[in-house]
Structure formats: structure tokens, C-alpha cells
Amino acid sequence: MSASDTGDQRILLIDGHAMAFRAFFALPADGFSDGRGQATNAVYGFARMLINVVSSERPTHVAVAFDLPGGTFRDRIYDQYKGGRDVTPPEFIGQIDLIMQVLDALGVRWLTVEDYEADDIIATLATRTAAEGGEALIVSSDRDAIQLVDEKVTMLQPIKGVTEMRRMTPAAVEEKYGIPPERYSDLAALVGEAADNLPGVPGVGPKTAAKWIVKYTDLPGIIAHADEIPGKAGQSLRDHLEDVERNRLMNAAVLDLDLPTDPGHYTLGGGDRGRTAAVFDELAFGDTIRRDLPAVLFGEDADAPAEQEPVAEVLELDGAAGLHDLLGEGAGPLALTVADDVRGGPMLGIATGEARAAIRLEQLDSDASAVLAAALGGPREVRTADVPAVRSWMQVNGYPLGRQARDLALEAFVLRPGARSYDAEALGTELGGARFEPRPRKPADSTLAKETPEVRSGHVAVAAARLAEAASALHPAAEELARRQGEEPWASGILEDLERPLQEVLETMHGRGIAIDRAALAALREEFEGFVAQAKREAGAIVGEEVNLASPKQLQVVLFETLALPTTRKISSGHSTDAESLTDLQEKLEPGSSGHDFLSWLLRFREMSKLTGYVVGLDKVHDSSSRVHTTFQQTAAATGRLASTEPNLQNIPVRTAEGQRIRDVFVAGQGYETLLTADYSQIEMRIMAHLSEDAGLIEAFRTGEDLHNFVASRVFGVSPDAVDPAMRSKTKAVSYGLAYGLSAFGLSRQLRISRAEATDLRDGYFERFGGVRDYLRSSVETARSTGFTETILGRRRYLPDLTSDNRQRRENAERVALNSPIQGSAADIIKLAMLAVERRMRGQELDSRMLLQVHDELVVEVAPGELETVREIVVEGMDRAYELSVPLEVGVGIGGTWREAAH
DNA sequence: GCCGTAACGTA
DNA sequence: CGTACGTTACGGCG
């Protein structure tokens with residue numbers, strides 16, 4: 001379509017401010033955030049609306065009109081125009097700018113005109129398009145737009161939320177208001193518009209107004225015959241003619257703004273997928289909305305999408321000859337990606353610097369298989385994202401991957417921890433200049449069953465191409481990483497001396513797993529399930545109706561409606577039913593009352609369901625030798641901590657007696673004598689002492705006295721033996737709170753004391769431990785000026801939000817800046833300890849072995865006769881891992897189960 | 001089937 | 001309005 005061919009034009013005109021506001025109230029502000037404190041509900045809802053309308057209405061052009069702050073010509077006519085509106089909610093602020101960024105990325109034009117409203121922009125463009133023979137679709141919740149409707153101009157009015165729209169055609173307007181659209185402004189002038197603070201004729205509503213318009217044609221007709229109109233309404237009209245005339249003046253759309261006239265200016269299709277992805281990343285938008293982005297926004301033909309066409313150069317290989325051609329005799333690096341395709345089975349993406357291919361392992365003949373095995377087991381550097389995952393996948397599929405593998409995810413993580421993903425596609429996109437479509441949804445089984453072989457092989461080819469592309473993109477990513485490491489030399493020490501060697505240790509630990517006692521597990525499961533059933537029964541008997549206690553939504557009905565209990569703190573979906581709220585609530589109730597009893601059983605249900613969940617989960621993940629193999633993720637936590645997944649063995653209960661029984665299920669395995677656990681005592685406070693160089697805190701650790709007791713005696717100015725438990729626990733809360741950036745408010749809430757008391761407590765603490773205060777203050781300021789925090793080993797975490805204009809984001813970043821050096825340094829230290837322990841145990845050829853790490857604790861399986869040696873290696877490895885200005889203290893426990901090995 | 005939320009376990 | 005995580009169940013949405 002040419003620019004002058006306006007007859008085919010179908011322009012979508014959106015009232016940006018009105019729709020953003022609508023989205024803001026349709027979606028919970030605290031349910032959508034970018035993860036850094038910026039609300040994004042209006043942005044999300046707006047984007048959702050835009051996507052839906054573009055997909056369903058298929059416009060060729062789009063423009064979004066925004067109001068500017070600071071008023072318009074209408075305010076000069078009537079100084080109370082739009083007066084009396086509530087102040088803009090704070091969470092809405094900033095979201096308009098974000099919407100504009102989204103629109104820019106999507107290639108959608110947005111417009112503002114000084115002194116005019118969005119409505120005027122829309123009116124100008126709609127009438128111009130219609131006059132040129134095109135069509136216009138107006139999306140607005142502002143009724144003023146109704147006056148623009150005609151055969152060529154349709155209005156979409158949101159009914160519910162931002163996705164359900166009513167189609168206002170001339171017939172629909174006529175039906176709803178009893179007058180044609182061009183008379184709507186007359187009607188509105190009579191009735192008034194509360195939202196704009198334009199009072200109409202008292203006692204005259206839309207029905208009366210429409211009746212008059214029908215009778216006297218239009219507003220001038222009504223005014224001319226005002227004297228003839230009988231009754232109260234007629235008198236009221238005569239009394240308020242000035243208001244009516246003012247309203248008509250105010251609600252008349254301006255049709256002649258000076259706006260770009262070339263239709264090409266508004267053409268759809270100038271979107272940039274990369275930029276959109278980046279903006280969506282910033283906003284923490286998920287995959288669903290990305291998948292739904294209409295191709296037309298990016299100038300792609302939706303009927304024959306490019307993503308359905310495999311890239312021509314990608315080969316699907318099944319024979320040795322093809323593989324030889326690909327791999328050649330070269331010695332350059334190879335890049336690998338792996339996938340278990342729902343249709344194609346195990347697939348391998350493989351790329352040299354020049355060529356790439358996808359291999360379906362099940363189709364390889366034996367010659368080809370040998371060629372592949374030789375290449376991967378040979379001396380060539382192999383680049384992957386997540387070496388342990390790729391190696392384990394290869395192992396399962398019968399190909400060993402040598403130790404020459406380079407993990408680009410780990411490298412990228414060290415340089416910039418905290419990224420959402422470090423998978424091959426993410427690295428290829430961020431570092432290798434590649435671009436991928438949103439991942440297609442996983443098809444339902446029923447869909448798969450219905451596929452013809454042709455369709456199926458088409459899908460497989462697309463997936464194969466994508467896998468090969470991802471592998472290929474790892475090469476430029478690897479080069480970019482090398483360049484960045486050159487620019488940031490601090491990273492190489494962390495990578496070479498810590499993370500890379502640790503990766504091998506973690507792979508070994510994964511392979512070992514930890515033994516569980518299946519009989520004990522089964523018994524525990526039965527017992528816990530019995531408790532769950534009992535709690536369910538008892539709670540159900542009290543309310544006398546079917547209720548799913550695991551559904552917070554149903555619970556809210558039971559608690560606050562059926563039982564009519566006082567409401568708890570507000571959350572986005574109503575009122576909280578978390579344990580803290582329920583306990584508080586229970587304290588307000590009479591013991592023995594039905595509400596009180598119900599809450600007891602509910603809390604019991606929660607506790608036991610949680611524990612049952614652990615037990616059931618463990619039963620699902622152990623291998624045939626009853627061992628559980630957690631995966632330690634090395635790139636998951638931005639502070640440098642490890643994370644444990646499938647299953648998470650870093651959150652096994654320990655605080656309650658019943659919870660601890662789960663730890664009795666973890667045992668020393670066949671051929672081993674006992675478990676040994678070793679943990680650092682107060683490592684974070686020791687790091688605080690080290691980093692702050694606070695003389696008092698350092699002394700506390702050197703005296704060997706109980707830390708919190710010592711600190712409390714200073715804070716409260718009493719002798720150490722005069723410290724009571726309340727003083728100790730308050731002091732302890734302050735100590736740890738400080739490392740998390742806790743506010744006086746948070747402290748008061750946690751300790752259930754007044755704000756003033758919390759402030760006094762903190763001030764008292766800082767008075768005696770001034771070095772801590774100075775350190776905390778300066779560490780945030782240093783991070784603000786350098787842009788990053790640093791651990792004792794020089795591991796960095798970049799925090800751009802420290803200079804954000806958004807207070808919530810900035811303060812959040814400040815808390816992160818307080819905590820990261822402390823948590824991160826503790827992570828550094830235990831990682832060093834793990835390297836030392838593993839090295840020495842292997843060096844001495846012991847059979848004992850390290851199995852788990854739980855942030856400040858190591859769990860070791862001890863072979864017969866090795867206990868004392870192992871104890872010494874572990875304790876030394878841990879306390880000599882790094883020399884702080886205070887000693888590192890390590891506690892050790894021995895036992896047949898994890899619980900017994902606690903100390 | 002995916003995804004976000006609520007809740008809750010750990011350090 | 002305290003940091004860092006992972007897992008579960010529910011329920012809205014498509």
C-alpha cells in the first residue's frame with residue numbers, strides 16, 4: 001500500500017492516558033511490578049489492550065494520543081474544568097513514560113499537542129482519515145469521542161477491564177442514547193459530564209435530553225424553543241442555559257490540529273523485536289505477552305511467518321559424511337546446545353565458526369555417532385551455556401563431553417550477576433547479536449495426536465533451526481565475553497580461582513546425591529498425611545461447608561464472610577491469610593470460640609501440608625539407590641550464593657520439632673558410617689565486623705563471649721550477665737536487620753514494639769557501634785558512585801537503581817547494596833572452603849565426601865575409620881578459608897541422620 | 001498448559 | 001517499609 005492510497009487506510013486511534021488509567025484500575029498495582037519497586041500494571045494492561053485490538057481489528061495504521069500535563073485551552077474558558085479529581089495515585093506516576101517506551105519499541109506513533117487534549121488529536125486524525133476515504137477505530141473510555149462516530153469511524157469502548165470492548169457504531173449509539181452520534185455533544189451538554197466537572201441541567205438525564213433533541217433537532221433548536229418546554233425540566237433548562245452553552249463549547253472536539261499528514265507516519269510495522277524484548281525485560285513481562293505480539297507490528301507477514309521457515313543453511317544431519325563436512329579437520333571451537341524436543345526427541349545444536357546444524361540423535365547412524373563422539377571427546381574447545389546441564393544431558397544420551405568445555409553462562413554471571421536467564425538464547429541475544437522469536441507454547445497431547453507427518457516435521461525443522469542458531473550465536477557471545485573480561489580484569493580471578501573449579505566440585509556433588517531412608521520416609525508420610533486429614537476434618541466440621549483450606553481465596557470467604565471475623569492486612573486479592581495474620585487474628589478471639597478453633601486447625605493444616613509436601617517431593621526424586629541428587633545452581637543468586645533445585649535441599653525444615661523429623665530421613669548411605677555437618681557461626685556478623693572495622697564488634701568476636709549477649713550489654717549499658725533474654729533477642733534482631741537494610745518501621749513491626757522504641761534501639765546500637773553505622777553509610781555511597789558493590793574477593797554486583805529518580809526503586813537498591821557485600825562475602829568464603837575441603841579429601845584419597853552446601857553449612861558423608869581425619873579437614877578447610885580480622889568459628893556435629901548430625 | 005499470586009521453607 | 005532463594009497449590013486466562 002502506498003502512502004497516498006488512503007482508501008485502504010484503517011487507523012487505530014487510542015486515547016493513551018484514558019486507557020492507561022483504566023488499565024491501572026483494572027489490574028492490581030501491587031500485582032505487577034518490575035521487581036524493583038516500579039509498578040507496571042498500567043503498562044501491562046495497556047500493552048495487553050493494544051495487542052488484542054491490533055490482533056483482532058487488523059489496523060494498518062496506529063496512533064496513540066496523550067494529554068500533556070499543565071492544562072489546555074479549555075481551562076482558560078472554564079477554570080474548574082476537570083476540577084475535583086482525586087490526585088493521581090503514586091503508583092501510576094511514571095507508567096505513562098514506560099508506555100511511551102513500549103510504543104517506541106513497537107514502532108507505534110504517539111502524539112501530544114501543547115494546549116490540547118488527546119481527544120482533540122484523535123478527533124483530528126479520525127475526521128481526516130474518514131474524509132480521505134479511510135476508516136478509523138477509536139479506543140477510548142472518554143464519552144466525548146462518541147460524537148466522532150459515523151459510517152467510517154467506530155469507537156471501541158471498554159466495558160470490563162481493558163480487553164472487553166463495546167463496538168460503538170452509529171446504530172449502537174442510536175440504540176443506546178436514542179440519538180445519532182453527531183448529536184451526542186448536544187446531549188452531553190445538557191446532561192453534563194461529572195468526570196470533567198461540567199454540571200448539566202439538574203433533573204435532566206440522557207432520556208429527557210434525547211427526547212428534546214428528537215423533538216427540536218439539535219441544541220440550538222432546543223435553546224430557541226426553551227420557553228415552550230414545560231414542567232420542572234423546562235424551568236431547570238431555562239435556569240441553566242449558560243451551563244449548557246459552556247458545556248457545548250467545552251465538549252466540542254477540535255478537528256484541525258496541526259499533525260503529520262503523511263499516512264505513512266502512522267503505518268504499522270516499524271517495531272523492533274530486539275528493543276521490545278529489552279523493554280519487556282526491564283518491565284519483567286513474561287512470555288505470554290511476548291508470544292501474543294502480532295507479527296504485523298514488526299512488519300512481518302503474519303500469514304507466512306518467518307519463524308515457520310527454517311533458516312536455509314541449517315542442516316539436519318544423520319550421516320557421517322555430513323558431520324565430517326560440518327566439523328571438518330578444524331581445531332576451532334565448537335558450540336553446543338541441547339534440547340528434548342516434544343516431537344523430535346533429543347536434539348543437539350552444533351556450530352563451528354562457519355557452519356551450524358541440528359542433529360536428531362535418534363536418527364544418527366553408528367558411523368555418524370562415532371564421528372560425533374570423537375569430536376566432543378577431543379581437544380577442541382566446546383562452548384556451551386551451563387556446562388553441567390549439557391554434560392549431564394550428553395551423558396544420558398550416550399556421549400561423553402570432555403573437560404575442555406567453556407561455560408559462557410558462568411562467565412556472563414560473574415561479569416553481571418542477576419540476569420533473568422543465562423541460557424544459550426539469552427546469551428546469544430544479549431552478547432551475540434542474535435534474535436529469537438518468543439518460544440512457542442508447548443502443544444497439548446491432543447494437538448500432537450492430530451498432527452499430520454508433514455506438519456510435525458515442519459515443527460521439528462523449526463525447532464532444529466532454532467537450536468542450531470542458538471549454538472551459532474554462542475561464538476560471537478564467547479568473543480564478546482572475552483572482550484568484556486579484558487575490560488573488567490577483576491572478573492578473571494573470581495572465574496578462574498573460584499567459580500570454574502567450584503563448578504566441577506558441584507557436578508561431583510550432584511552425582512553423589514544424599515541417601516534417604518525410604519522406610520522412614522514412608523512412615524513419616526503416613527503420619528503427616530494423617531495429621532493433614534485430621535486438621536481438614538476438624539476445620540470442616542466447624543464451618544460446616546465444603547472448603548479447600550489450601551485456597552486463600554476460599555479461606556477469605558470462610559474467615560471474613562461465613563465466620564465474619566475481623567479482617568487482616570490488605571493484599572491485592574483482598575485480605576491476607578498468612579500465618580502471621582492468622583495468629584494475630586486468633587489473639588483477638590475468645591479461646592474456644594468457633595473462629596479461634598477454626599484458625600488453630602487451619603494453622604495446623606498449613607504446617608502439616610507443608611511438611612507433607614517435602615516428604616512427598618522427596619519420594620518422587622530419589623533414584624533406585626534411594627539417593628537424592630539436588631542440582632546446585634551457580635548462576636541463580638545475584639549475591640554469589642548457590643541455589644539448590646530439583647529438589648531444593650537448602651530449605652529442608654529445621655525450626656520445629658516436627659519439621660526436624662524430615663531431617664531424620666537423610667542418612668549416611670550404604671558403606672558410610674555417619675554424616676558430619678559443619679557450619680559457620682555467625683559468619684555474616686563476622687563479615688560485618690571485618691568490613692566495618694568496628695572496634696566493639698571485633699572485640700565481641702575476640703572475647704569469645706556470646707555475640708548477642710555481648711552486643712546487648714553494650715547497647716543497654718549493663719554488664720553481660722545482666723542481659724535478659726528480651727534484651728538479647730532485640731539486639732540480635734537489630735544486628736541482623738542492619739545487614740538487610742532494615743528500617744525502624746520494619747524493626748518495630750518485627751519486634752512488635754513502637755516506632756519510637758525501635759528508633760531508640762537502633763540509635764543506641766549505632767552509638768555503641770559507630771563503626772557499623774559509618775560502614776553502612778559509606779558502603780551505599782561508594783556503591784552509588786561506582787555503580788556496584790563488592791565482596792571481599794572482589795565479586796561485583798552492579799546496581800544501576802542506586803541513582804534512580806524513583807524513590808522506591810532507589811531505596812530498594814540501597815538495601816540490596818547493604819546486604820550484597822555481606823551475603824556475597826559469606827558465599828565467597830564457603831566456596832573457598834568447599835574447594836579446600838574437596839581438594840584435601842581427594843588429595844588424601846579418602847572415601848568420605850562432601851554432599852551438600854546450605855549457605856553456611858556443609859554436609860559430609862563419612863566413610864568408616866575416616867571420621868577424625870575428615871573432621872580436621874572440614875574444620876580447617878572452613879576456618880582457614882579466608883582470613884578476616886576476626887576468627888571464623890566452625891561448629892561440627894556427627895550423627896547417623898542429618899538431624900542427629902546437627903549440633 | 002502457562003503464568004502470576006500467596007504462602008512458606010531455608011540461610 | 002529486611003536480603004537471598006525454590007516449591008507448592010490455586011485459579012485466571014486462553
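Naming: A, B, ... by sequence-line order, numbering from 1 per chain. Nothing here was measured: the structure is a model prediction, and the numbers come from that model.
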- Is a donor-acceptor contact shorter than 3.5 angstrom present between the side chain of A:Gln650 and the base of C:dG6? no
- Do A:Asn651 side-chain and B:dG9 base share a donor-acceptor contact under 3.5 Å? yes
Classify [X] by what it touches in the nucleic acid, base, sugar-phosphate, or nothing, heavy-atom distance under 4.0 Å.
X	value
A:Arg749	nothing
A:Ala579	sugar-phosphate
A:Glu811	nothing
A:Ser609	nothing
A:Ala636	sugar-phosphate
A:Arg797	sugar-phosphate
A:Leu747	nothing
A:Gly737	base
A:Arg641	base
A:Ala744	nothing

Is there a side-chain contact between [X] and the phosphate of [N], meaning an N or O under 4.0 Å from OP1 or OP2?
X	N	result
A:Lys553	C:dA9	no
A:Gln554	C:dG11	yes
A:Arg655	B:dT10	yes
A:Asn548	C:dA9	no
A:Ser576	B:dA7	yes

- Check salt bridge (charged side-chain N to carboxylate O under 4.0 Å, His left out) between A:Glu607 and all other residues, then give those that pass, not counting sequence neighbours. A:Arg604
- Task: Would you verify whether the NZ or CZ of A:Arg416 falls within 45 degrees of the ring axis of A:Tyr798 while also being under 6.0 Å from that six-membered ring's centre?
- Result: yes
- Message: I'd like to know if A:Arg569 and A:Asp578 make a salt bridge, using a cut-off of under 4.0 Å between side-chain N and carboxylate O.
- Response: yes
- When you check the gap from the basic side-chain N to the acidic O, do A:Glu790 and A:Arg797 get nearer than 4.0 Å? no
- Message: For DNA chain C, please output the secondary structure as dot-bracket, reading 5' to 3'. Pairs are Watson-Crick or G-U wobble, both atom distances under 3.5 Å; mark crossing pairs with [ ], other-strand partners with |, unpaired with a dot.
- Response: ..|||||||||||.
- Scan residues 677-689 of chain A against DNA chain C and write down, sorted by residue number, each residue with any heavy atom closer than 4.0 Å; if none is found, say none. none
